[in-house]
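Structure first, then comments.
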2 protein chains.
Amino acid sequence: MDQLEIFKALSNKTRLQILQWLKEPEKHFPVQEHASFDEVGVCVGQIQQKAGLTQSTVSEYLSILQKSGLLESTRLGQWTYYRRNEEAFAALSNIIKSEI
Amino acid sequence: MDQLEIFKALSNKTRLQILQWLKEPEKHFPVQEHASFDEVGVCVGQIQQKAGLTQSTVSEYLSILQKSGLLESTRLGQWTYYRRNEEAFAALSNIIKSEI
DNA sequence: AAGGTATATCGACTTTTCCCGATATACCTA
DNA sequence: TAGGTATATCGGGAAAAGTCGATATACCTT
């Protein structure tokens with residue numbers, strides 16, 4: 001759990017938004033055909049459309065969030081799905097309460 | 001409480017260290033003559049020496065941390081003292097737990 | 001008022017981050 | 001295996017952050 005890496009990942013408006021969207025996918029994204037929000041999350045294309053940035057940028061942002069541990073990814077067929085790693089958020093909350 | 005500003009303030013190794021030093025000033029800084037750690041915190045010069053960066057850089061870092069709300073400052077004579085705003089850390093911990 | 005000390009601000013340069021278009025890779029289907 | 005679709009990676013230009021030295025400001029002491 002690299003604190004600095006996590007805070008850098010959180011230091012971007014779009015990335016913060018993505019995290020919030022992924023908290024309640026059914027509220028923020030249209031129904032997905034090939035996979036369930038609960039099990040694997042939301043695919044890159046949906047997130048990209050909603051963010052309104054290019055595919056490459058959003059792909060990179062998701063990768064940054066994943067490397068920090070805040071997101072997890074699942075590849076299913078030609079899609080990559082991202083979902084929140086709630087344990088990481090809980091751990092971060094505790095680190096701020098007790099360590100930082 | 002501007003989340004983005006807070007995370008940017010936390011996205012620097014030296015600034016993270018400063019926050020930790022200020023958690024237990026008596027452990028990390030020599031005795032101060034003109035003010036108490038508990039009441040007002042630690043003066044800029046002490047923090048600068050410990051950080052090993054220039055005076056201007058450390059002054060700016062402290063200002064960034066203050067603007068984000070994580071630190072508070074008190075001017076006493078020719079010294080400015082900085083101390084942690086523990087309420088801000090508690091609030092941030094809660095935001096991460098429930099909002100982000 | 002003058003000189004000394006502590007801090008803040010300014011201007012400049014370097015490094016990192018943002019964000020894009022282009023291209024590569026992976027996988028699926030006919 | 002050829003073509004289509006989804007995602008990842010690469011290279012680069014623009015913007016922001018890191019960091020410094022120099023200077024300004026504030027305050028204290030004599």
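Order of the sequence lines fixes the chain letters, A, B, ..., with proteins taken first and strands second; residue numbering starts at 1 for each chain. Only a predicted model underlies this, so the values are computations on that prediction, with no experimental measurement involved.
Heavy atoms of Gln48(B) sit nowhere under 4.0 angstrom from any nucleic acid atom. Looking at heavy-atom distances under 4.0 Å, Ser11(A) makes contact with sugar-phosphate atoms alone, never a base. Residue Tyr81(B) is out of contact with every strand shown, counting any heavy-atom pair closer than 4.0 Å. Looking at heavy-atom distances under 4.0 Å, Leu62(A) makes no contact with the nucleic acid at all. Heavy atoms of Thr80(A) sit under 4.0 angstrom from primed sugar atoms or phosphate atoms, though from no base atom.
In this structure, Leu65(A) places its CG atom 12 Å from P of dA8(D), rounding to the nearest Å. Rounded to a whole Å, the CD atom of Glu5(A) is 11 Å from the P atom of dT17(C). For the pair Leu76(A) CG and dA6(D) C1', the computed distance is 13 Å after rounding to whole Å. Following rounding to the nearest Å, Trp79(A) (CH2) and dA26(C) (C1') show an atom-to-atom distance of 13 Å. One can place NZ of Lys13(A) at 13 Å from P of dC18(C), the figure rounded to the nearest angstrom. The nearest whole Å value for the distance from the NZ atom in Lys8(A) to the C1' atom in dA16(D) is 13 Å. To the nearest angstrom, P of dA17(D) lies 9 Å from CG of Leu4(B). To the nearest angstrom, P of dC18(C) lies 11 Å from CG of Leu53(A).
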Step by step, work out the side-chain contact (heavy atoms from CB on, under 4.5 Å) result for Val42(B) and Tyr81(B).
CA-CA 5 Å; Val42(B) 182; Tyr81(B) 298 87; 5.7 Å; no

Walk me through it: do Val31(B) and Glu26(B) pass the test side-chain contact (heavy atoms from CB on, under 4.5 Å)? CA-CA 7 Å; Val31(B) 175; Glu26(B) 59 294 327; over 6 Å; no

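Judged by closest nucleotide on DNA chain C, Asn12(A) is the one of Gly77(A) and Asn12(A) placed further toward the 5' end. Across the interface with DNA chain C, nearest-nucleotide mapping of Gln78(A) and Val58(A) shows Val58(A) to be the residue nearer the 5′ end.
Remark: the Ser73(A) side chain and the Thr80(A) side chain contain no N/O donor-acceptor pair separated by less than 3.5 Å.
Closest approach to the Val44(B) side chain among dT7(D), dC28(C), dT7(C) is made by dT7(C) (side chain taken as heavy atoms from C-beta onward). Checked against dA8(C), dG18(D), dC20(C), the side chain of Thr57(A) finds its nearest nucleotide in dC20(C).
OP1 and OP2 of dA6(D) both lie 4.0 Å or more from every side-chain N or O belonging to Tyr82(A). Considering only side-chain N and O atoms, Arg15(A) lies under 4.0 angstrom from the phosphate OP1 or OP2 of dC18(C). Taking only side-chain nitrogens and oxygens, Tyr61(A) never comes nearer than 4.0 Å to OP1 or OP2 of dC20(C).
Scanning all heavy atoms of the two residues, the minimum distance from Ser93(B) to Lys97(A) falls at OG-CE, 3.3 Å.
No hydrogens or angles were tested; on distance alone, a donor-acceptor pair under 3.5 Å links the side chain of Ser56(A) to the base of dG21(C). At a cut-off of 3.5 angstrom, the base of dA6(C) holds no donor-acceptor pair with the side chain of Gln55(B).
Counting heavy atoms from C-beta outward, Leu10(A) and Arg15(A) have side chains that stay 4.5 Å or more apart.
With rounding to the nearest 0.5 angstrom, the CD atom of Glu72(B) is 11.5 Å from the CZ atom of Arg84(B).
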